[in-house]
Asker: 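Sending over a structure as structure tokens; questions will come in a sec.
Note that the structure is predicted; figures quoted are calculated from it, not measured. These values consider heavy atoms only, across backbone and side chains, with no hydrogens, waters or symmetry-generated copies.
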Amino acid sequence: MIKQFLEINGEKVEVSNLDKIFWAKEGILKAHLMKYYVDISPYLLPHLKDRPLTLHPYPDGIDGPSFFMKNCPEHAPPWLETCLYLSEDGETINFCLANDLKSLVWLVNQACIEFHPWFSRVDKPDCPDFAIFDLDPFPPATFDDTIEITQLIKRVLDEFELKSFIKTSGATGLHIYVPIGRKFTYEDTRNFAMRVSYIIHRVYPEKVCMEWDVEKRKGIRIDYTQNVKGKTLASPYSLRPLEGAPVSTPLPGRN
DNA sequence: GTCACGA
DNA sequence: TCGTGACAACGCCGT
DNA sequence: ACGGCG
Ligand SMILES: [Mn+2]
Ligand SMILES: [Mn+2]
């Protein structure tokens with residue numbers, strides 16, 4: 001077997017099985033996955049820098065088995081940066097970081113299709129950079145409904161003079177990121193997102209759903225509960241292991 | 001995708 | 001030498 | 001305290 005390498009700034013990273021089919025219906029190969037991430041890396045890497053990652057490899061493509069990967073595997077190359085995390089009950093997790101293109105290429109070669117970074121960074125893990133809103137449509141809501149509710153939330157944030165950034169999740173919904181300058185805790189951002197969510201729910205009780213039970217959800221669910229250390233969303237520019245190979249796509253603002 | 005392990 | 005299992009729990013929600 | 005959620 002001839003080994004293949006990508007050369008990045010003069011350093012070689014081994015890549016394998018580039019002709020393996022990752023999206024069968026679309027005819028998308030592992031090579032295409034790799035090319036996408038190399039091409040998008042100037043835009044993606046800034047969003048991943050210094051953020052612990054929850055990874056989700058699909059070694060045989062999106063129709064095959066997958067697993068979650070929090071701990072960096074022993075066989076990772078020594079140059080791959082990691083971050084040791086001590087959980088409350090004494091468990092330790094050594095998270096992978098994707099701080100440069102070499103690291104990104106190595107992780108993609110591990111068949112990581114999507115990247116789920118923390119909202120906080122390693123040097124201040126208890127203080128997220130953002131409060132986030134995760135909007136998920138449930139029947140009978142449409143994507144247009146999701147847009148409408150997202151715009152309503154944005155209007156409230158504008159009223160507070162808070163800048164916000166909107167992106168598609170790549171699945172069915174939208175994400176709103178509100179930069180808050182690492183001045184607050186996750187408990188703070190969660191309470192903030194919760195209170196804004198309930199304001200919106202009060203305006204549109206029919207359309208907006210705050211139900212915890214998945215079975216009972218109808219309309220647009222505004223999920224504020226992701227504002228917790230260790231919870232994540234698919235990052236901007238992350239591919240999703242779904243039909244059509246969708247990408248979580250940042251949307252332009254009005255100015 | 002890769003490794004540790006046991007048959 | 002080959003087949004198989006492991007690779008993620010955890011921190012919060014709502015009652 | 002519990003099971004549910006992502
Ligand atoms: Mn969600
Ligand atoms: Mn979502």
Asker: Where does the angle between the aromatic ring planes of A:Tyr85 and A:Trp118 fall among parallel (under 30°), tilted (30 to 60°) and perpendicular (over 60°)?
Answerer: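 It falls in the perpendicular class, over 60°.
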Asker: Give the rounded distance in Å between these two atoms: CG of A:Asn17 and C1' of B:dG1.
Answerer: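 Computing the A:Asn17:CG to B:dG1:C1' distance gives 8 Å.
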Asker: What's A:Tyr85 touching, base or sugar-phosphate or nothing? Going by heavy atoms closer than 4.0 Å.
Answerer: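 Result for A:Tyr85 = sugar-phosphate.
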Asker: How does the hydrophobic cluster around A:Ile21 look, that is, which other residues are in it when side-chain heavy atoms under 4.5 Å mark a link?
Answerer: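 For the cluster that includes A:Ile21, the remaining residues are A:Leu29.
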Asker: When you measure from the side chain of A:Arg190 to the backbone of A:Tyr224, do you find a donor-acceptor pair of N or O atoms at a distance under 3.5 Å?
Answerer: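 Not confirmed, A:Arg190 side chain does not pair with A:Tyr224 backbone.
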Asker: Should the pair A:His175 and A:Tyr177 be assigned to parallel (<30°), tilted (30 to 60°) or perpendicular (>60°) ring geometry?
Answerer: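 Tilted, since the angle between the ring planes falls between 30° and 60°.
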Asker: Scan residues 56-72 of chain A against DNA chain C and write down, sorted by residue number, each residue with any heavy atom closer than 4.0 Å; if none is found, say none.
Answerer: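 Going residue by residue through residues 56-72 of chain A, the ones with a heavy atom under 4.0 Å of DNA chain C turn out to be A:Phe67, A:Phe68, A:Lys70, A:Asn71.
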Asker: Which is true for A:Lys216 with a 4.0 Å heavy-atom rule: it touches a base, it touches only sugar-phosphate, or it touches nothing?
Answerer: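 No contact.
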Asker: Report which part of the nucleic acid A:Tyr224 touches: base, sugar-phosphate, or nothing (heavy-atom distance under 4.0 Å, all strands).
Answerer: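 Contact class for A:Tyr224: sugar-phosphate only.
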Asker: Using the P atoms only, state how far B:dA4 lies from C:dA8, rounded to an integer number of Å.
Answerer: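 So the two P atoms sit 15 Å from each other.
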Asker: Going by side-chain heavy atoms closer than 4.5 Å, which hydrophobic residues are tied to A:Val214, directly or by a chain of links?
Answerer: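 Its cluster mates, by chain and number, are A:Phe138.
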Asker: Do A:Glu211 and A:Lys218 meet the salt-bridge criterion of a basic N to acidic O distance under 4.0 Å?
Answerer: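 No, A:Lys218 and A:Glu211 are not salt-bridged.
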Asker: What range of DNA chain C does chain A touch, first nucleotide to last, counting atoms under 4.0 Å from its heavy atoms?
Answerer: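 For DNA chain C, the relevant span reads C:dC7 to C:dG14.
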Asker: State whether the number of non-hydrogen atoms from other residues, nucleotides or ligands found under 6.0 Å of A:Glu159 atom CD is greater than 12.
Answerer: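 Atom CD in A:Glu159 is not packed in, count stays at 12 or less.
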Asker: Knowing that exactly one of A:Asp63, A:Leu242, A:Leu33 qualifies, which makes a side chain to side chain contact (heavy atoms under 4.5 Å, CB included) with A:Trp23?
Answerer: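 Option passing the side chain to side chain contact (heavy atoms under 4.5 Å, CB included) with A:Trp23: A:Leu33.
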Asker: Check whether more than 12 heavy atoms from other residues, nucleotides or ligands sit under 6.0 Å from atom CZ of A:Phe5, and answer yes or no.
Answerer: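 Buried by this count: over 12 neighbours within 6.0 Å.
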Asker: Check the interface with nucleotides 2-6 of chain D: list each N/O to N/O pair with the protein under 3.5 Å, or write none.
Answerer:
| unit_1 | atom_1 | unit_2 | atom_2 | d |
| --- | --- | --- | --- | --- |
| D:dC5 | OP1 | A:Val214 | N | 2.8 |
| D:dC5 | O3' | A:Arg217 | NH2 | 3.4 |
| D:dG6 | OP1 | A:Arg217 | NH1 | 2.7 |
| D:dG6 | O3' | A:Gln226 | OE1 | 3.2 |
| D:dG6 | N2 | A:Lys231 | NZ | 3.1 |
| D:dG6 | N3 | A:Lys231 | NZ | 3.2 |

Asker: Between C:dA9 and D:dG4, how far apart are the two C1' atoms, rounded to whole Å?
Answerer: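 Comparing C1' positions in C:dA9 and D:dG4 gives a spacing of 15 Å.
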Asker: With a sphere of 6.0 Å drawn around NZ of A:Lys20, does it hold more than 12 non-hydrogen atoms of other residues, nucleotides or ligands?
Answerer: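 Yes, the 6.0 Å shell around NZ holds more than 12 heavy atoms from other groups.
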Asker: For A:Lys124, which residues count as a salt bridge (Lys or Arg N to Asp or Glu O under 4.0 Å) partner, sequence neighbours excluded?
Answerer: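 For A:Lys124, no residue satisfies salt bridge (Lys or Arg N to Asp or Glu O under 4.0 Å) once neighbours in sequence are set aside.
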Asker: In terms of the nearest nucleotide of DNA chain C, which residue is placed more toward the 5' end: A:Met194 or A:Lys229?
Answerer: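 On the 5' side of the pair lies A:Lys229.
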Asker: Considering every strand and a 4.0 Å limit on heavy-atom distances, what is the contact class for A:Glu74: base, sugar-phosphate, or nothing?
Answerer: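 Nothing, no nucleic acid heavy atom in range.
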